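Here it is, the structure in full.
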Amino acid sequence: MSQKNLIIAFGGASPEHEVSVLTAMQVIAALDESDYTLTPLYITKSGNWLTGQKLLDLSNYKDLNELEASSTRCAFVKDEMGRTLLKEQEKQGLFTKPAAIPVYAVVTAFHGSDGENGSFQGTCEMFNIPYTGSGVLASSVGMNKVKAKQLCVANKIPVTDSLDFFEKNWEDDQATILKEAEMIGYPLIVKPCNLGSSIGVAKANSKDELIDAIETAFRYDAHLLVEEAIQPLMEINCSVLGSSTDCRASVCERPMGASEMLSFQDKYQSGGNAEKGMASADRIIPADISSELTEEIRELAVQTFKTFDASGVARLDFLVNADTKKVYFNEINTIPGSFSFYLWEKSELTFKALIEELVAVAIQNHQAKNGRVRSYQTNLLNEKAAKGIKGLKGLKK
Ligand SMILES: Nc1ncnc2c1ncn2[C@@H]1O[C@H](COP(=O)(O)OP(=O)(O)O)[C@@H](O)[C@H]1O
Ligand SMILES: [Mg+2]
């Protein structure tokens, strides 16, 4: 393929929609003078797929309705040679044909929901195109806090004591849930299982607060996690880059919140410097911790990345008891804000080089997948048709 069309995919129906737009704009700026032709694929909050030059410029996002009206709807299609194209669904001018470009690779710059939970990744798999970041499995398990913890427990990665339950269980038997939660001991943390950005996360110091926190969290998710609160708490994050068999850890960061729990506001709205996205949140890089603790966390980050079978760039977030220095895995972000470029810059890798590496890993994963036998030439249906098959009675011929 002579022209390397890189599709930058972002937006989507997610509470982190705007943060995703910022990450995408950072990616576009970093690739300004690269060998790629950049094409935006912006998914609106209501799920429309759009493309067009206006989507490459952050200043056009002030009025999302106007932006949508002046962009072009698009979709992935297969051409007669089996190649996947990103095709415009409307004509730009009276005499022009809708444009269709072959896809070299997709840079997934979504945060949260369908763009990060494996759904969009599954679409790329169906169209057999290379895409950056983790595959369907790591993306979906990583998004589910309960399943992520279970995977860690099975692989001896330390996590906090916890309990999980569905809304139905709560309706049926509050008393048992409260009793089991209190056996873990206050203070407790309540979180929705499938959300991010600290939405619905709360600390409870008593039964009343616990009931309150649970009722609130059920407004966001039907599956909750109640876990032991680590205190005094120190949060340390570390990014991992590569494939699940060949990856390395960045320097560590210590994010700082205004309150004892990092909120959505701490993460994205502090400092009034929206263009910088995640990089603007208050943080200490490298984290001001001992070299022993740094190495322990970096090793644990790599081990966890491999355990999830993650790929591309991820950010592994850990909770550390500031007194005992005991480390617990908290979550994996399979598409971290700003691709954690600020950690890699401190690890001597430019943002541009980081994205180029992500694309290289995506191509490598795609080639590995396509190098295996995926279908068989024999047509079983042919044989079955000859012999006849049970259970088809009444089916129209
Ligand atoms: N077990 C815990 N003990 C103490 N604080 C916690 C615990 N779990 C989460 N927190 C606090 O809540 C914040 C949000 O929780 P987290 O699990 O990271 O959810 P999210 O996916 O919404 O970011 C964390 O950054 C941390 O400040
Ligand atoms: Mg978090």
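Because the structure is a prediction, the values reported are computed rather than measured. Just so you know, ligand 1 is whichever comes first in the structure, and atom 1 is the first atom listed for that ligand. Hydrogens, waters and symmetry mates are skipped; everything else that's a heavy atom, side chains included, is used. For the single chain, residues carry numbers from 1 onward in sequence order.
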| message | Tell me the nearest of Lys191, Met143, Gln231 to atom 17 (O) of ligand 1, using heavy-atom distances. | response |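 Nearest option to atom 17 (O) of ligand 1, by heavy atoms: Lys191.
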| query | Can Glu66 and Lys54 be said to form a salt bridge (charged side-chain N to carboxylate O under 4.0 Å, His left out), step by step? | reply | CA-CA 11 Å; Glu66 149 65 21; Lys54 277 198 160 183; 3.4 Å; yes
| field | Closest to atom 16 (P) of ligand 1 among Asn330, Val201, Ile189, Asn333 (heavy-atom distance) | value |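 Shortest heavy-atom distance from atom 16 (P) of ligand 1: Asn330.
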| task | Compare every heavy atom of Asn205 with every heavy atom of Glu209, then report the nearest pair and how far apart it is. | result | OE1-N, 2.7 Å
| task | Flag Glu331 as yes if one of its N/O/S atoms falls below 2.8 Å of the Mg ion (ligand 2), otherwise no. | result | yes
| said: Determine whether Arg248 and Glu357 satisfy the following criterion, salt bridge (charged side-chain N to carboxylate O under 4.0 Å, His left out), listing intermediate values before the conclusion. | reply: CA-CA 12 Å; Arg248 60 195 190 278; Glu357 189 163 340; 2.8 Å; yes
| message | Give the atom numbers and elements of ligand 1 that come within less than 4.0 Å of a heavy atom of Lys145. | response | 17 (O), 19 (O), 20 (P), 21 (O)
| field | Cation-pi check, Lys326 onto Tyr328 ring (under 6.0 Å, within 45° of axis) | value |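 Yes, a cation-pi geometry.
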| request: Spell out, as yes or no, whether a donor-acceptor pair under 3.5 Å connects the side chain of Tyr186 to the backbone of Lys207. | output: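 Side chain of Tyr186 to backbone of Lys207, a donor-acceptor pair under 3.5 Å: yes, one is there.
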| remark: Output for pair (Gln367 CD, Lys369 NZ), nearest 0.5 Å, gives 12.5 Å
| Would the Phe76 and Phe127 ring centres measure less than 6.0 Å apart? | yes
| request: Please identify which atoms of ligand 1 are closer than 4.0 Å to at least one heavy atom of Glu227. | output: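 Result: 1 (N), 2 (C), 7 (C), 8 (N).
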| message | Within ligand 1, which atoms have a heavy atom of Leu195 less than 4.0 Å away? | response | 21 (O)
| message | Distance under 4.0 Å to a non-hydrogen atom of Glu235: what atoms of ligand 1 satisfy this? | response |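 Within the 4.0 Å cut-off of Glu235, ligand 1 contributes 24 (C), 25 (O), 26 (C), 27 (O).
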| field | Heteroatom proximity flag, Ile230 to ligand 1, N/O under 3.5 Å | value |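 N/O-N/O distance under 3.5 Å: yes.
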| task | Please list all pairs passing the side chain to side chain donor-acceptor pair (under 3.5 Å) test where one or both residues lie in residues 296-306, with sequence neighbours left out. | result | Glu295-Arg298
| request: Indicate, as side chain, backbone, both or neither, the part of Glu331 found under 4.0 angstrom from ligand 1 when only non-hydrogen atoms are considered. | output: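 Glu331 to ligand 1: side-chain contact only, backbone stays beyond 4.0 Å.
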| query | Just heavy atoms, cut-off under 4.0 Å: does Ser197 contact ligand 1 by side chain, backbone, both, or neither? | reply |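 Ser197 to ligand 1: backbone contact only, side chain stays beyond 4.0 Å.
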| remark: ligand 1 atoms nearer than 4.0 angstrom to some heavy atom of Leu233 are 4 (C), 5 (N)
| task | Report yes or no: does Lys203 have a heavy atom closer than 4.0 Å to ligand 1? | result | no
| request: Verify, without hydrogens or angle tests, whether Thr23 (side chain) and Val19 (backbone) share a donor-acceptor contact under 3.5 angstrom. | output: yes
| Distance filter under 4.0 Å to Leu319 heavy atoms, resulting ligand 1 atoms | 1 (N), 2 (C), 7 (C), 8 (N)
